[in-house]
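Here the structure is laid out as structure tokens; the discussion comes afterwards.
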Protein chains: 2
Amino acid sequence: MPTARRSDTTRAAILEAARERFAADGYERATIRAIARDADIDPSMVMRYYGNKEGLFAAASAIDLRLPDLTALPDRDRVGAVLVEHFLDRWEDDEVLTALLRVGVTNEAGAARMRSVFAEQLGPVVRDLRPGAADAPRRAALVASQILGMALTRYVLRLPPAVDMPRTDVIAWLAPTIQHYLTADQP
Amino acid sequence: MPTARRSDTTRAAILEAARERFAADGYERATIRAIARDADIDPSMVMRYYGNKEGLFAAASAIDLRLPDLTALPDRDRVGAVLVEHFLDRWEDDEVLTALLRVGVTNEAGAARMRSVFAEQLGPVVRDLRPGAADAPRRAALVASQILGMALTRYVLRLPPAVDMPRTDVIAWLAPTIQHYLTADQP
DNA sequence: AGTGTAGGCCAACAACTGTTGACATGTCGT
DNA sequence: ACGACATGTCAACAGTTGTTGGCCTACACT
């Protein structure tokens, strides 16, 4: 176990500033200079600690969706609601998700990271829900399409009706959709 | 009626190249120089005809969703399927939609354009479907969230299961969702 | 035929980008 | 107290960006 280094606070400040900038501006417009200014350090420190801009993004975009174990849910009819609720929570308290979405749209490394996050974290959760079903990845992609679509319209594009919709209404509308994608027979 | 100018072919070439670049690269990485190179003209011509980069984007991102009149549909239960099919068509033969999506995520002018397109084109179609209903904008936003979410995962992020899904399967899965958002009672 | 003007090209600008290396400062073990 | 090493600062680099103004060319009208 590596002992705490004196520079850890600087590293952390850089990461936090980077996450904010990537989330607010996307990859290109989030400049190393602006990130360094936010973190109150010299731009060259970013290079020293993270190699280059890609390395910084890789470090800043590490994320754990913290998906719950849906098989442990007493009421199997509520998996859709639970999942929507969980994603709304995650999106609202972790700007990395918005950063990932913004960067993934214009940067191939960001898109790749987005793909692997969903394949490695959402995929297994969906698979465990219907053991032996070969179409689990497809169902996971359908879930992702609705979840990401709502995040896009509500938190990034900010379509007024999507922004104004109360959280409970979002859950009420989206839960049956997600439930359908997860549990319905193939149409 | 203004007579055809000699420069119209150049203007058109610039617009076409701009649409391609914006769709492929987003706003920041679609440089005026690259667009000019594609159109086989000098970068200064872009400025002469469109003022600046923002003006070029405004001109290149004009779009008509060509939404069908859903009230004229004989079978009211098929509005969801018709809409999904229509959007898949539009997305696959008009790169402006991808450009709008890519730019809207990192550029405020792009996001504004996206908002107005959906408010002015999708909004009325949804409103006409349930006359007198006050929640039409909300339903339109829900439809937008699912449509844009699928476009995002399939055409931009390229999640493999979403890319591999045959067109007919996409329609079969998404149609009930859209139908629900358009016609279900408030949950 | 001559001329005004629209169309087009070239070279340059100032600002900004990621990135680098040299140099100063501080901290720690000895 | 001294040297080694981590931490931080400064200035500069080469390249790219949007944008501008001057200049040349070819067409259209009288």
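By convention in this document, chain letters (A, B, ...) are assigned in the order of the sequence lines, proteins followed by strands, and residues within each chain are numbered from 1.
With salt bridges taken as basic N to acidic carboxylate O contacts below 4.0 Å, one links A:Glu108 and A:Arg115.
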Output a table of donor-acceptor pairs, distance under 3.5 Å, between side-chain atoms of residues 35-42 of chain B and any protein atom two or more places apart or on a different chain; print 'none' if there are none.
unit_1	atom_1	unit_2	atom_2	d
B:Asp38	OD1	B:Arg21	NH2	3.3
B:Asp38	OD2	B:Arg21	NE	2.8
B:Asp38	OD2	B:Arg21	NH2	3.4
B:Asp42	OD2	B:Ser44	N	2.9
B:Asp42	OD2	B:Ser44	OG	2.7

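Ring geometry for B:Tyr27 versus B:Phe57: interplanar angle over 60°, hence perpendicular rather than tilted (30 to 60°). The aromatic rings of A:His180 and B:Trp173 sit perpendicular, their planes meeting at an angle over 60°, well past the 30° parallel limit.
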Let me have a per-nucleotide readout for nucleotides 15-28 of chain C, 5' to 3', with B, S or -, counting only protein heavy atoms under 4.0 Å. --BBBBB-----S-

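Legend: side-chain hydrogen bond (donor to acceptor under 3.5 Å, both in side chains) pairs involving residues 71-84 of chain A, not counting sequence neighbours, sorted by first then second residue: A:Asp69-A:Thr71. Pairs engaging residues 48-61 of chain A under the salt bridge (Lys or Arg N to Asp or Glu O under 4.0 Å) rule: none recorded [sequence neighbours left out].
Contacts between residues 17-26 of chain A and DNA chain D, defined by a heavy-atom separation under 4.0 Å, are absent.
When all heavy atoms are compared, the tightest approach of A:Trp91 to A:Leu97 is CE2-CB, 3.8 Å.
For B:Tyr49 and D:dT19, the OH to P distance is 18 Å, given to the nearest whole Å.
Residues that satisfy the salt bridge (charged side-chain N to carboxylate O under 4.0 Å, His left out) test with B:Asp169, not counting sequence neighbours, are A:Arg138.
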